[in-house]
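Below: one structure, written as structure tokens.
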Amino acid sequence: MELYFHNSLTRRRECFAPLDPGHVRVYVCGPTVYDLAHLGNARPVVVFDTLIRLLRRVFPRVTYVRNITDVEDKIIARAGETGEPIADLTRRTTAEFHADMAALGALPPDIEPRATCHIAEMITLIERLIACGHAYTANGPEGTHVLFAVGSFADYGRLSGRSREDMIAGARVEVAPYKRDPADFVLWKPSTADQPGWDSPWGRGRPGWHIECSAMSWRHLGTDFDIHGGGSDLLFPHHENEIAQSCSAFPESHFARIWMHNGMLRVNGEKMAKSLGNFVTVRDVLAAAPGEAVRLLLLKTHYRAELDFSFPALAEARRELDRFYRALDRHPSRPDVPVPEQVMARLADDLNTPAALAALHALADRALGADAGAAAGLAAAGSLLGLLGAEPAAWFQGSADRTAIEAAIAARRAARQARDFARADAIRAGLAAQGILLEDGPHGTTWRRAS
RNA sequence: GGUCCGGUGGCAGAGUGGUCAUGCAGCGGACUGCAAAUCCGCGUACGUCGGUUCGAUUCCGGCCCGGACCUCCA
């Protein structure tokens with residue numbers, strides 16, 4: 001099956017042809033670990049998890065690398081504010097990130113490199129860049145910086161589609177005096193005694209942000225690989241700088257072939273961001289709905305579009321899952337079948353998850369109409385999307401007090417048989433007040449938690 | 001100011017040059033003691049003004065509106 005993806009670099013939909021059809025290699029920018037993940041941080045994780053699941057169905061081997069940024073000025077700042085040692089802060093936050101992403105049904109990457117474990121590779125890369133004239137050292141008040149010379153890379157600005165003039169005209173930051181060109185960016189910077197630092201040819205210091213991804217992708221995927229992903233806000237400068245560094249250090253290489261960027265999560269029309277204070281953490285959202293509903297909410301919008309988050313939308317995603325699970329519940333024994341063609345075709349077209357979900361609804365319709373094959377197809381399609389992995393009973397009933405509920409149902413049955421409908425309805429209303437809904441069917445009464 | 005993306009029915013959200021998205025909500029009906037669930041049916045959607053075309057929501061241009069990036073950001 002042929003896959004097509006929108007390539008940010010060419011701004012076009014392209015047929016996906018891996019460099020090695022026997023081994024697809026993907027790199028996605030991971031979190032900076034200094035605080036709990038918010039839902040915006042979770043979107044690329046869920047989106048690219050879904051992409052990886054699709055790639056694994058189509059290609060024999062996939063290596064998925066997603067880094068952890070554990071050296072960064074925000075981490076230093078946070079540790080300074082709270083007094084928590086940096087190593088503890090990054091370890092704890094990484095564990096919280098893992099737990100939150102697992103709750104959203106995201107499988108771990110194959111390799112999760114940490115920046116602090118790749119300082120040597122970064123230094124090697126920076127030395128190469130200096131040697132071939134793409135980087136230079138400059139002395140500031142705190143010590144020696146190494147900067148990338150943007151002017152030395154002819155293609156700079158190609159990914160983000162901006163000219164050098166644009167970048168200079170729009171510069172809102174004060175330009176450090178040691179820069180030869182205002183657009184030059186830091187590869188290595190000096191650390192004071194109380195900041196984390198590593199010995200280097202330029203003295204004790206720490207890396208700039210961008211070099212780590214060039215170093216880690218090189219180390220784990222090689223100089224050329226297939227897909228590089230991340231949020232659209234990383235397009236510039238982060239990804240632009242990665243390209244400049246990697247392609248300059250390895251002039252014969254092309255770095256990533258396809259760049260995929262997910263759209264931003266919004267709240268009330270504005271980007272969700274820590275700096276705006278309008279974020280909801282994954283924890284907040286998980287307190288309001290099961291992780292699976294959160295995942296579905298994220299997949300209901302195409303990954304490249306912006307997505308406006310709201311709690312009512314989350315509740316709607318949960319109701320949608322009720323319908324899927326109801327369809328599965330009709331057919332308790334479901335053979336393993338391939339993912340239906342309709343679903344595959346839609347995912348193969350730039351990971352069109354909303355269109356694929358419409359196909360899942362069509363399968364649910366048929367399953368509710370007693371088509372067991374459709375139920376099996378629905379389960380298979382759900383599995384590809386990282387959804388519908390629970391047992392319907394677990395989805396509908398969760399951890400409610402089964403014994404008490406069944407006793408109430410028995411009492412209500414007796415009342416109904418005596419045609420005491422007032423009492424029967426009172427029992428039903430009492431359960432409803434506890435969030436338990438009853439459904440009378442031809443084979444007796446079943447119950448579920450309200451959604 | 002520069003670069004880029006988008007404006008679809010009550011809401012969410014795909015897609016297409018010429019009968020259908022889909023979901024949620026709503027309304028009517030069937031079923032039910034009443035509900036719930038399920039099933040059947042319903043609602044003249046494509047920001048605006050021009051252009052191309054036999055025909056445009058879909059292509060092109062202007063305008064209006066929203067958002068992202070240009071600084072840390074998923």
Check every strand shown and say whether A:Arg346 touches a base, only sugar-phosphate, or nothing at a heavy-atom separation below 4.0 Å. nothing
Under 3.5 Å for both donor-acceptor distances, Watson-Crick or wobble: does B:C31 have a partner, and if so which one? none
When all nucleic acid strands are considered with a 4.0 Å heavy-atom cut-off, which category describes A:Gly441: base, sugar-phosphate, or nothing? nothing
Out of A:Trp218, A:Tyr64, A:Phe255, which one pairs with A:Phe225 under the ring pair (Phe, Tyr, Trp, His ring centres under 6.0 Å) rule? A:Phe255
Heavy atoms only, 4.0 Å cut-off, all strands: where does A:Leu265 land among base, sugar-phosphate and nothing? base
Is A:Arg428 side chain donor-acceptor paired with the B:A35 base, going by distance under 3.5 Å alone? yes
Of the listed B:C72, B:U38, B:A68, the closest approach to the A:Arg323 side chain comes from B:U38
Classify A:His302 by what it touches in the nucleic acid, base, sugar-phosphate, or nothing, heavy-atom distance under 4.0 Å. sugar-phosphate
Please measure how far the P atom in B:G62 lies from the corresponding atom in B:U3, and state the result in whole Å. 13 Å
Give a yes/no answer on whether the side chain of A:Arg319 brings an N or O atom under 4.0 Å of OP1 or OP2 in B:A25. yes
State the pairing partner of B:C20; accept Watson-Crick or G-U wobble contacts with both distances under 3.5 Å, and report none otherwise. none
Is there a Watson-Crick or G-U wobble partner for B:U52 with both distances under 3.5 Å, and which nucleotide is it? none
Side-chain N or O of A:Thr301 less than 4.0 angstrom from OP1 or OP2 on B:G13? yes
A:Arg416, nearest nucleotide to its side chain (from B:G33, B:A74, B:C72): B:G33
Whole-Å distance separating the CD atom of A:Glu72 from the P atom of B:A74: 9 Å
Between B:A12, B:C72, B:A74, which one does the side chain of A:Asn262 approach most closely? B:A74
A:His210 NE2 to B:A74 P, straight-line distance once rounded to whole Å: 13 Å
In whole Å, what separates the C1' atom of B:A25 from that of B:C59? 35 Å
Nearest to the side chain of A:Asp365, which nucleotide is it out of B:A36, B:G2, B:G23? B:G23
Does a side chain donor of either A:Tyr34 or A:Asp70 reach within less than 3.5 Å of an acceptor in the other side chain? no
C1' atoms of B:C60 and B:C69, separation to the nearest Å: 27 Å
Touch check for A:Gly40, heavy atoms < 4.0 angstrom, all strands: base, sugar-phosphate only, or nothing? base
B:U22 versus B:A45 - spacing of their P atoms, nearest Å: 14 Å
B:A37 -> Watson-Crick or G-U wobble partner, both distances under 3.5 Å, gives none
From the list B:G2, B:G33, B:C4, which nucleotide is the closest neighbour of the side chain of A:Arg11? B:C4
Against the side chain of A:Glu316, the closest entry in B:C11, B:C70, B:A74 is B:C11
Please work out whether the ring planes of A:His238 and A:His210 are parallel, tilted or perpendicular, with thresholds of 30° and 60°. tilted
Geometric cation-pi criterion, A:Arg162 with A:Phe236: 6.0 Å, 45°: yes
For the P atoms, the ones on B:A21 and on B:U44, what distance do you get once it is rounded to whole angstrom? 13 Å
Expressed in whole Å, how much space separates the C1' atoms belonging to B:G15 and B:G7? 16 Å
At under 4.0 Å between heavy atoms, what does A:Lys271 touch on the DNA or RNA strands: base, sugar-phosphate, or nothing? base
To the nearest angstrom, how far is A:Lys300 atom NZ from B:U22 atom P? 15 Å
Picking from B:A68, B:G23, B:G67, the nucleotide nearest the side-chain atoms of A:Ser232 would be B:A68
Looking only at B:A68, B:A74, B:C34, the nucleotide nearest the A:Arg412 side chain is B:C34
Donor-acceptor side-chain pairing of A:His220 and A:His118 below 3.5 angstrom: yes
Can you say whether a donor on the side chain of A:Asp440 sits under 3.5 Å from an acceptor on the base of B:C31, or the other way round? no
For the side chain of A:Cys29, counting heavy atoms from C-beta on, which of B:A68, B:C70, B:A74 is nearest? B:A74
Separation of B:G6 P from A:Arg266 CZ (nearest whole Å): 13 Å
Does one side chain, of A:Arg402 or A:Gln397, offer a donor that lies under 3.5 Å from an acceptor on the other? yes
Using purine N1 to pyrimidine N3 plus N6-O4 or O6-N4 for Watson-Crick, or N1-O2 and O6-N3 for G-U wobble, each under 3.5 Å, what pairs with B:G26? B:C42
Look at all strands and tell whether A:Leu438 reaches a base, only sugar-phosphate, or nothing, counting heavy atoms closer than 4.0 Å. base
Sidechain N-carboxylate O distance under 4.0 Å for A:Asp425, A:Arg416: no
Using atom C1' of each nucleotide, how far apart are B:U53 and B:G18 to the nearest Å? 12 Å
With a 4.0 Å cut-off on heavy atoms, is A:Glu320 in touch with a base, just the backbone sugar-phosphate, or nothing at all? sugar-phosphate
For A:Asn352 and for A:His361, locate the closest nucleotide of RNA chain B by heavy-atom distance; then report the residue assigned to the nucleotide nearer the 5' terminus. A:Asn352
From CG of A:Leu234 over to C1' of B:C4, roughly how many Å is that when rounded to an integer? 16 Å
Hey, do the aromatic rings of A:His239 and A:His261 have their centres closer than 6.0 Å? yes
Separation of the C1' atoms in B:C27 and B:G17, to the nearest angstrom: 34 Å
Between B:C70, B:A35, B:G23, which one does the side chain of A:Pro237 approach most closely? B:C70
Pick the nucleotide of RNA chain B nearest each of A:Ala359 and A:Asp349; which residue has the one closer to the 5' end? A:Asp349
Quick one: A:Tyr34 OH to B:A74 C1', roughly how many Å, whole number? 11 Å
Taking any heavy-atom pair under 4.0 Å as a contact, classify A:Arg304: base, sugar-phosphate, or nothing. nothing
Output the rounded distance in Å from CG (A:Leu307) to C1' (B:G67). 13 Å
Listed by chain and number, what are the side-chain hydrogen bond (donor to acceptor under 3.5 Å, both in side chains) partners of A:Gln417, not counting sequence neighbours? none
Given that both distances must come in under 3.5 Å, which nucleotide forms a Watson-Crick or G-U wobble pair with B:G6? B:C65
